[in-house]
Amino acid sequence: MANDIPDPQPVCNPITSSAIFIVATLTAGAEPAERVRAWCADIAALVRSVGQRVPSGNLSCVCGFGSSAWDTLYGSPRPASLHGFREFGTEGRRAVATPGDILLHIRAEHMDLCFELATRLLASLGDAVSVVDEVQGFRYFDMRSLIGFVDGTENPVGHRAVDFTIIGDEDPSFSGGSYVLVQKYLHNMSAWNALSVEAQERIIGRTKLSDIELDETVKPSCSHSTLTTITQDGQEVKILRDNMPFGRPGAGEFGTYFIGYARSPVPIELMLENMFVGKPPGNYDRLLDFSTAVTGGLFFVPSADLLEAIADRRP
Ligand code: HEM
């Protein structure tokens, strides 16, 4: 990536053991908008203050804005590909859109760091926002999702992660930025656990214990890994995922918080279409017979430099 690209937010930071995902809506009116803009310039300092207390804790925060919030807070220019979350699928198997103006993706090796930063960031926002969803995610054994499969294996790493997630010359006013799509999924664990391991492996497209991709001769065209492998002009296009398990066993809640970063919403939306509608239509992702998306939001992540600078910008 060229040196003149502004510093991104810590989109490509390594996967951690803990995370908090917060989605909030913006309170109507000029004063709340003013407060959110001023807050943008304080985020980095708050991360430094909290993170410095445990330097090995890898505390980071990525902040994104929904399409209509961008217009309310900052006006034009606006990120070229920012729009509302596009729904896919049919009744009973649908990627739903839910309200959300601001996303906070807080990561660290220990939940106390995430918790402290979330508390301080929200205190500083006060009633300028209302939190509509808050999920505490944890690392589950060897990077497994609650359905028992290792999650994140095919993520791009190093400069490829940057190339696939950070905007460059295609949108010069917003270079160094990124797009992020989130969905909260709830799993029907008793139905999933009633399947044989072989049936589960055909749904994911990888072996469960050893996390090896199934051979093309046995991997179904509707496997999760097949439907989420996409190409553009003959080249594979990857996204960067940092999914986290969450849940409340006592309440029967077992979930995956899906979070995917990319330099355009297009590849993530194509994956969603393949999963929920199917490729060809009807050949959908059977993981969705056991997993329900209960939230959905698309956000633009300005570069770290722009995030500080937009504190002074008005629509
Ligand atoms: C119920 C929620 C989900 C679960 C439990 C889940 C789990 C998994 C697992 C276990 C793998 C295989 C290992 C890996 O490469 O990471 C995988 C791969 C992948 N998933 Fe998901 N996933 C979920 C939702 C999604 C969604 C919504 C998308 C995109 C919109 C997505 C995109 C991908 C991609 C791109 C891969 C890598 C495919 C490859 O290159 O082989 N996943 N997922």
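Being a predicted model, the structure only gives us computed values, none of them experimental. Atoms within each ligand, like the ligands themselves, are counted from 1 in listed order. Along the sequence shown, the residues carry numbers beginning at 1.
The contact set between ligand 1 and Phe149, taken as ligand atoms under 4.0 Å from a residue heavy atom, comprises 10 (C). The atoms of ligand 1 that sit less than 4.0 Å from any heavy atom of Thr256 are 5 (C). Atoms of ligand 1 found under 4.0 Å from any heavy atom of Leu272 (numbered from 1 in listed order, with element): 27 (C), 30 (C). Against a heavy-atom cut-off of under 4.0 Å, Ile268 is close to the following atoms of ligand 1: 30 (C). Against a heavy-atom cut-off of under 4.0 Å, Met271 is close to the following atoms of ligand 1: 29 (C), 30 (C), 35 (C).
In this structure, the protein non-hydrogen atom closest to atom 9 (C) of ligand 1 is Asp151 OD1, 3.7 Å. Looking only at heavy atoms of the protein, atom 2 (C) of ligand 1 is closest to Tyr185 CD1, 3.6 Å. Protein heavy atom in closest approach to atom 26 (C) of ligand 1: Phe258 CE1, 3.3 Å. The single protein non-hydrogen atom nearest to atom 4 (C) of ligand 1 is Leu287 CD2, 3.9 Å, given as residue, atom name and distance.
Between Ser303 and Pro6, the closest heavy-atom pair is OG-CB, 3.7 Å. The shortest non-hydrogen separation linking Gln183 to Phe85 is NE2-CZ, 4.0 Å.
Considering only heavy atoms from C-beta on, Arg78 stays 4.5 Å or farther from Pro315 through its side chain.
At least one heavy atom of Gly152 sits less than 4.0 Å from an atom of ligand 1. Put simply, no part of Glu213 is less than 4.0 Å from ligand 1, judged by heavy atoms.
By the 3.5 Å distance cut-off applied to N or O atoms, Arg241 is counted among the residues near ligand 1. Polar contact check, Thr153 against ligand 1: a nitrogen or oxygen pair lies under 3.5 Å apart. Polar contact check, Glu154 against ligand 1: a nitrogen or oxygen pair lies under 3.5 Å apart. Inclusion of His224 in the set of residues having an N or O under 3.5 Å from an N or O of ligand 1 is warranted.
Looking at Leu288, Thr228, Thr226 and measuring to atom 35 (C) of ligand 1, the nearest heavy atom belongs to Thr228. With atom 13 (C) of ligand 1 as the reference point, the heavy atom nearest to it among Thr292, Val150, Ile230 is part of Val150. Closest heavy-atom approach to atom 12 (C) of ligand 1 among the candidates Arg206, His187, Lys219: Arg206.
Leu227 and Ile203 are members of different hydrophobic clusters when ILVMFWY side chains are connected at heavy-atom separations under 4.5 Å. Note: the hydrophobic cluster containing Leu46 also contains Val36 (ILVMFWY, side chain heavy atoms under 4.5 Å, direct or indirect links). Cluster annotation: Ile239 is not connected to Ile204 through the hydrophobic network of ILVMFWY side chains, with a link wherever side-chain heavy atoms come within less than 4.5 Å. Cluster annotation: Phe149 is not connected to Met244 through the hydrophobic network of ILVMFWY side chains, with a link wherever side-chain heavy atoms come within less than 4.5 Å.
Using cut-offs of 30° and 60° on the angle between ring planes, the pair His105 and Phe21 is parallel.
Counting heavy atoms under 4.0 Å from ligand 1, residue Gln183 touches it through the side chain alone. Residue contacts with ligand 1, taken as heavy atom pairs separated by less than 4.0 Å, involve Thr229 solely via side-chain atoms from C-beta onward.
Counting only N and O atoms by type, the side chains of Arg286 and Ser223 include no donor and acceptor under 3.5 Å apart. Using a 3.5 Å distance cut-off with no hydrogens or angles, the side chains of Asp101 and Thr25 do not pair a donor with an acceptor.
Separation of the Phe300 and Tyr179 ring centroids falls under the 6.0 Å cut-off.
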With ring-ring contact (aromatic ring centres under 6.0 Å, His included) as the test, would you mind laying out the steps for Tyr257 and Tyr185 before giving the verdict?
CA-CA 6 Å; Tyr257 201 91; Tyr185 284 91; 9.3 Å; no
